[in-house]
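Labels below follow one simple rule: chain letters A, B, ... track the order of the sequence lines, proteins then strands, and each chain is numbered from 1. Atoms considered below: every heavy atom in the structure, side chains included; atoms not considered: hydrogens, waters and symmetry mates.
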Amino acid sequence: MEKNTEEPLKTAGGLYRVELFFSKRRMILIPAAFILFLAVPLMGFNQYILRIFTVIGIYIILSLALNLVAGYTGQLSMGNAAFYAIGAYTATLLLLRGGVNYWLTIPLAAVLAGFCGLLLGLPTFRLRGSYLTIVTLGFGEIVRMILMNWDSVTNGTLGIRNIPAPDFFGITLSLRNGGFYYLVLFLVVLVSAASWFIVNSKIGRAFVSIREDEIAAQMMGIRTTKYKALAFVLSAFFSGLAGAFYAPMVGYIDSNSFTFEVSSQIISMAILGGLGTMRGMFFGAAVLIVFPEVSRFLMDYRFVIYGVILVLMMRFRPQGLLGWQPRVPVRFSKTVRSDLMREGILPEGE
Amino acid sequence: MALLEINNVSLSFGGLKAVDDVSLYVNKGEIVSLIGPNGAGKTTMFNILTGIYKIDHGGILFDGYPIQNKIPQDIVKAGISRTFQNIRLFRNIRVIENVLVGCHITIKYNFFDALFRTPKYRRAERQNMVRAVRLLYDVGLSHRVHDYASNLPYGEQRKLEIARALATGAKLILLDEPAAGMNPQESAELLRFILGLRGRGYTILMIEHDMSVVMNISDRIYVLDYGKLISQGLPQEVANDPKVIEAYLGGIQNVEN
Amino acid sequence: MADFVQQILNGFALGLAYALVAVGYSLVFGILRLINFSHGSVYAFGAHAAFFMVGLHFGPVPAIIAAMLITGVLGVVIDRTALAPLRKKKSVSIAALVTTLGISSIIQNMLVVIFGSQRKPFPDFFNFGTLELGGVRLGSRQLVMVTVSLALLLLLLMVVNKTKVGLAMRATAQNQKAAALMGINVNNIITLTFLMGGASAAIAGGMVGGYYQIVYPSMGFMIGLKAFAASVLGGIGSLPGALVGGLLVGVIESLAALFFGSNYRDATAFIILIAVLIFRPAGLFGKKEVVKV
Amino acid sequence: MKKILIAALVILAAALPVFAGGGSEAQSDTIKIAVAVPMTGDNAEYGQTFLIAAQIMTEEWNAAGGVLGKQVEIVNYDDKNSAEEAASIAQKIVSDPGIIGVLGHFSSGVSMTAAPTYEENKVIEISNCASHPDYSKMGKYIFRNNTAITEEFKVMVDIIENDLKLTKVGVVAIKTDWGNTAGGLADKLVLASSKLQLVAHEDVLETSDDHGPAIAKLKAAGAEAVICVGMYSLYGPFAKQYKEVDPNVQLIGVSNAYTQQIIQLGGQAVEGLFAPVSFYAESSDPATKKFVDEFKKRWGAEPSSLAAQAYDSIGILLQAIKNTGSLDREKVRDAVQNINYKGITGQTTFDAIGDAAKQFTKVIIRGGKFVPYTK
C-alpha cells in the first residue's frame, strides 16, 4: 500500500554496532570461543578454578532449562531443583544399583526427570500465574521430602556417597585432569544448541506467544496446554541432565543439595542475565557462581548484598543485564531471500 | 448454505443474560457487520464464536459442522480467526515473528524436525517466512518487518493484528472494531483493504462503531442491544429502523444521565 | 484417643500460627495479586523486634505493640522503596515477585548480622498454667494464641468489611483503576495493606515466639511457605480462607506427624495444597475469576 | 549463536578476578593451617567458637617462637555446613600448597564430602566434631579428634542403667544425616543392653520447633528416659514441651549438649539433663583454666567441649609438625598418627583408623549450671 520512509529500527548506538560486529563475524568468533574454552584446562589453572568453571557449566544448563519455562513461556517455576535432584538420584541409582553404564545413565536420568515434569504438569497446567508457581514450589519441597525419607532407595538423609567417576576410554574423569570440565562443556554445547534450535522454531514461537498473551496464542491455534507441558518437560529434561552430571562429579548426593535455595538461585541467575535470552543465562550463571567465591570476606553481608542486587535489578533493569532486544535485522536465509526477491517483496534494507 | 450459522444462542453470567437467543448467519464472501451500543454483547458474541466462552443454549454451524463449545484452537483450525478490540499483539517480539506465530497451524513439522533441523523443517520455515512477509506486504507493513510490535503506532498495530489473523489460514475473519482510533484517512484506507480481502475470497464478520465504515462496506448488518438481536438487514434498512435509533439514542441519554 | 484430641488441639494452635502469617499473604495478594515472598522474613523480623523490645524491659503487651508498629513500618518501607516504583513502571508481575525474594534475603540476613543466627530464648509470656481434662491438656499459651489470633482475624474482618477504609480496600482489590476514579487514593490503600500485613506478622512472630519461646532469623522460612500454602488452600485474598486454610494445614500436619511420623510433616501442607488446587483451582473460599478478553 | 559468544566473553571477564586470586602462590615464611567451619548460617556459632579456639592455640605457639622457626597462620574458610560449599573449599585448600592441615569440617556428612579431596592431595584433616563411624575410615590423612558417637552412647547407656536405674528408653533424633546415623547407633546400644528396653524411636525435623507429635508417641510408649540426639537447638524446645506432658521424664543428651545455649533456651526444663563430656570448663587444671579465661574474654561465654577439641586439634597438628622437624606431608601425617598429646580434653592418641580415644566425665544441669555428676 503506502511507502514509509522513516527508519524502521533505531540503528544508532554502540550496542547496535557490537551486535552487528558479532552478527557478521559469528562464523569466526564462535569457533574461536569454542577453541578458547577447549584450551582452558591446559592453561594451568588449579583444581579449584577448574571446579568453578565446571560448576558454572552445570548452572548454565540449569538456567537454560529454567529459561525455557520462565523466560520463553512465562511460567515461573520455583521447583526446578526437584528435577535436578531427580536427575542426580536416577543417574546415581542406575549406576550403583542398576549397574548401568555411566554414559547411558545421563540420558536415562534426563528422560525420567522429563517424565516427572510431565507428571507435575498434567494436572496443574490449567492453573495460571501465581498458582502454578506455588505448585512448582510445593512440588520441589515434596520431592526433597521424599528423597530425605525414602531410605531404602535414596538412603535418606545420609545421601549416597562414593559415586564413582566415569571412565572415558580408560581415563577416569576427574576435576584435575579436566575430564569433568570437558564433559560439562560438551553438555553445555549440546543443551545450548538444542535450546537454540527449539527457540528458533514454531515451538519456540509458541512458547513466546503464551508468555506474551495466552488468549491471543490460543486464537492462533496454539494448544497452550500442550506447549506449556512441553516447556516443563524440556526444562525438567535438561535439569535432569545437569543432575546426572553433577552426582558423579561431586561423588555424593543428599537431599540438602537440592533445596529451595537452589531453585531460587537458578531463578536469580536467569533474571540477572535476562530471562528470555540465552546469552543472559551464561552471564547470570557465571556471575552468581563467581560472586560468592570472591566475596567470602563479606560473610553474612554476602546475602544481604545478594538481595540488594536482586531488588535493584528489578527496579532499574528488570529485563536483566544482558536482556536487551536485539536490533540487528532478522536474518533471512539465502533461499528465503531469493524467494522474496522473485516475488518482489523483499523488505527494504535487505 | 451459509458459511456461518448461529442458531438461538444464549449465554448468561450469573443471572445476567449477556447474549439472549441470538440467531444470525454469514454467507461465504459477505461482509457482515455487528453493531450496537456499548455492552450490547457484541464482543461476547465474538468470544462465543472463538470458543472463549461456552454457551448455555443454541448451536453454531461453521461450514456445516457444529463448532459450539469447541476449544479455541479447534475453531481456528476449522477456519475462524479474529482480532481484538483492545489490541492483543505479542508485544515484545518482532512484527515478522507475530505473523509467524499466526502461521503456527500452517507450519507442518514436529518437535524433532525442529531439534534436528530436518529438510522438512527447513522447507516449512522457508515457505512460511515468505508467506509471512507476503502478508505484511499486503497489509502495508513491509517496512516494519524487523521492528518490535510494541514500537508500532496504533494504526499499524491494527494492521498487524489483521495480518496475524490472516496468517492462520482462516476463511472467516472476525474483526473487532478494526477502525477504532484511526483517523478518517486511515479508516478509508482500511475500508479499501477490507474490500480487498473479500476480493481474495475471505468472509468477514466485524464489530464496528464507525458508521461511515459500516454503511459503506457492509453487505448486511445485525444490531444487538442488551444481548438481543433488535434489527437486521441491508445497511439502509437498519439505519432507518426506529428500534435501532431508539437503542442508540437511549444509550446516549443514559450516558448523559 | 487422648493423644488424638491432644494433637488436634496442638494442630489447632499451630494452625492459628499459620493463619496469622497467612493473613499477611492474603491481604497483599488480594490487593496486588502478588505473592509477597518477603512475608516469612517480615514475620521473623516481627519476632525479633518483640524479642528486642523485651530485652529493653518492655512488658509483653507493650513489646508486641511496639513490634507491631516497627514491623508495620517495615512493611510500608518495603512497599514504598521497592514495590511502588515497580507498579509505577507497570513492570511484569515476575519482577515484583523476585523483588520480594530479594527483600526476604536482605531482611533475614540483616537479622543474622544483628542478632546472630543462633536460636535465642524468648520469654515465656503466656504461661499461666495448664488445664487438664481427661488426659487432654490445654495450656494457657494455647488459649492466648487462640484468643489473640481470633481477635486479630475478627478485627481485620471488621476493618475490611465494616469500615470506609475497608470498603476502599475491597474496591481497590476489585479494580484499581475504577477505585482511583472514585477518588480512592490507591497508593495509600496499598500502603495501609502493607502496614496491616507487617503488623499482623509481628503479632504472629510475638505469639509463635512466645509459644515456643524461641526466635531465630530463619524461623520465617518454612512457616512462610506453609502459611502461603495455607492461604492458597483457603482461597488467597480471602481472610476467612486464610483462617480455615491455616487451621487445616496445622491440624492435618499434626495428625499426619502422629500417625505417619514426623518425616513427611513439612510436605503435608504442599500435598494438601496441590490436591486442592487440582480440584478447586481457586482454593476453598476463592472465587473463580472470569476471563476478560 | 553470537549471543553464546558474547556470554562466553563475559564469563571470561567475570572469572578474571578468580584467576588473579588463584595465581599468586608465593612461598612464604609461615605455616598455614586452614580452619574450614561454618561461619555463617545456622551453625555459625559453632564455627566461630572453633576459630577462636584455634586462634588462641596458634597465638600461644607463635608467642613461643612458632614451629620450625616459622609463624603459624590460620586461614579461615566458611563452609556454611554445606557439603557443596565444603567441596569447593576443599578444592581451594588443596590448591594452596602452603596449607598443611585442616581443622574441619563441622558435620560428618560435610567432612566426608571434603575428605577424599584432602586424602588425594595429602592434606591432613582433623575434625573436632565429626562423629560418623565411617568418617575416619575415609583415608590415611583423615583424623577425628572427637569421640566416635558410639563411645558417648555407651556412657549414656551407663547413666541410664546405673545412675538413674531406669529401664524404658526412648530415642529422639533430628532428621539429618548425623541424626540418622547417631540415632540408629543409639537404638542399637540400647537394644544391646540387657537391662534396657527401647520403647520408641522418633525422628523430628530441624525446621520445626513443634515436637508435640513425637513427644506424644514417646510418652504413650512409656519412655522413662529419653536419649536426645540433636544440635543445641533441639534440647530447649523439646525439653520444655516434654516436661509439660511428663515432668518426670529423664533427658540425656550427647556431648554437644554441653553448651550454655541449651540452658538459656531450656531454662527450668533442662534441669537434670545429663550429658557425657570429654571436657569440663570448670576443671581445676591450669591449662584448661588459661584457655577458658582467654576464650571467655573473646567470646563472652564458656567454651563447649567441641571448642576445646578444636583447640586441642590445632595443638596436635602443630606438635606433630614439631616432632617431624620438617613439612614433609607424609612424615607429618605419621607423626599425627603416633602422637600422644596431653591437652585440655585429656590425653589423646589415635588408633589405626585415626580415631581419638577419650575419657568422659558425666555432667548434669543443676541450678542452671553444668556440674559434674556425683551421686
Side-chain angles (χ1 to χ4, degrees), chain C residues 1-11 13-15 17 109 112-113 116-124 127 129-130 132 135-137 139-142 208-209 211-219 221-223 225-226 250 253-267, chain D residues 38-49 80-81 172-175 180 200-221 231-241 243-247 259-270 301:
Chain C
M1 189 58 206
D3 273 348
F4 183 74
V5 177
Q6 187 69 54
Q7 284 322 307
I8 289 186
L9 277 179
N10 280 358
L14 193 65
N109 288 289
V112 172
V113 169
S117 62
Q118 78 276 35
R119 285 161 158 80
K120 289 160 290 288
F122 195 88
D124 194 0
N127 196 6
T130 307
E132 190 148 354
V136 175
R137 284 158 305 97
S140 60
R141 288 193 208 104
Q142 276 147 321
V208 179
Y211 192 74
Y212 296 116
Q213 298 134 57
I214 267 188
V215 294
Y216 51 102
S218 58
M219 67 190 281
F221 178 70
M222 201 29 99
I223 199 176
L225 289 186
K226 287 189 202 166
E253 182 184 314
S254 288
L255 290 181
L258 183 70
F259 290 120
F260 308 111
S262 299
N263 292 345
Y264 282 97
R265 72 181 286 173
D266 279 355
Chain D
M39 299 300 290
T40 58
D42 284 345
N43 294 297
E45 276 66 24
Y46 284 109
Q48 288 165 6
T49 58
K80 292 194 268 177
N81 198 33
V172 64
I174 53 169
K175 188 83 192 169
N180 249 21
H201 175 109
E202 283 299 312
D203 288 327
V204 293
L205 294 176
E206 266 195 314
T207 45
S208 174
D209 295 318
D210 178 59
H211 303 306
I215 291 168
K217 285 203 262 180
L218 286 165
K219 186 185 172 231
M231 299 286 129
Y232 80 97
S233 53
L234 172 72
Y235 297 99
F238 184 77
K240 279 185 172 174
Q241 290 166 32
K243 289 286 166 80
E244 271 178 21
V245 181
D246 180 4
T259 152
Q260 296 305 311
Q261 279 170 309
I262 84 156
I263 297 176
Q264 284 174 22
L265 294 173
Q268 275 298 310
V270 291

What's the separation between atom [atom1] in [X] and atom [atom2] in [Y], rounded to the nearest 0.5 Å?
X      : Y      : atom1 : atom2 : answer
C:Q118 : D:M231 : CD    : CE    : 15.5 Å
D:L205 : C:M222 : CG    : CE    : 8.0 Å
D:K80  : C:S117 : NZ    : OG    : 12.5 Å

| task | Identify which part of C:Y216 has an atom lying under 4.5 Å from any heavy atom of chain D, answering side chain, backbone, both or neither. | result | side chain
| message | Less than 4.5 Å to any heavy atom of chain D: does that hold for the side chain of C:L14, its backbone, both, or neither? | response | side chain
Quick one: closest heavy-atom pair of [X] and [Y], and the distance?
X      : Y      : result
C:P121 : D:L265 : N-CD2, 3.3 Å
C:Q7   : D:G212 : NE2-O, 3.6 Å
C:S254 : D:P213 : O-CG, 3.8 Å

| remark: Looking only at C:D266, C:N109, C:L255, C:V112, the option with the highest number of non-hydrogen pairs under 4.5 Å against chain D is C:D266
| field | Heavy-atom pair count under 4.5 Å with chain D, highest-scoring of C:V208, C:I223, C:I214 | value | C:I214
Is [X] in contact with chain C via its backbone, its side chain, both, or neither, using a 4.5 Å heavy-atom distance?
X      : result
D:S208 : side chain
D:Y232 : side chain
D:Q264 : both

| said: Quick check on the interface: out of D:E202, D:E244, D:H211, who has the most heavy-atom pairs with chain C under 4.5 Å? | reply: D:E244
| message | Please rank D:D203, D:D210, D:N43 by heavy-atom pairs under 4.5 Å with chain C and give me the top one. | response | D:D210
| request: Kindly indicate whether the side chain of C:Y212, heavy atoms from C-beta on, has any atom under 4.5 Å from the side chain of D:K240. | output: no
| request: Could you check if a side-chain atom of D:D209 sits within less than 4.5 angstrom of a side-chain atom of C:R119, using non-hydrogen atoms only? | output: yes
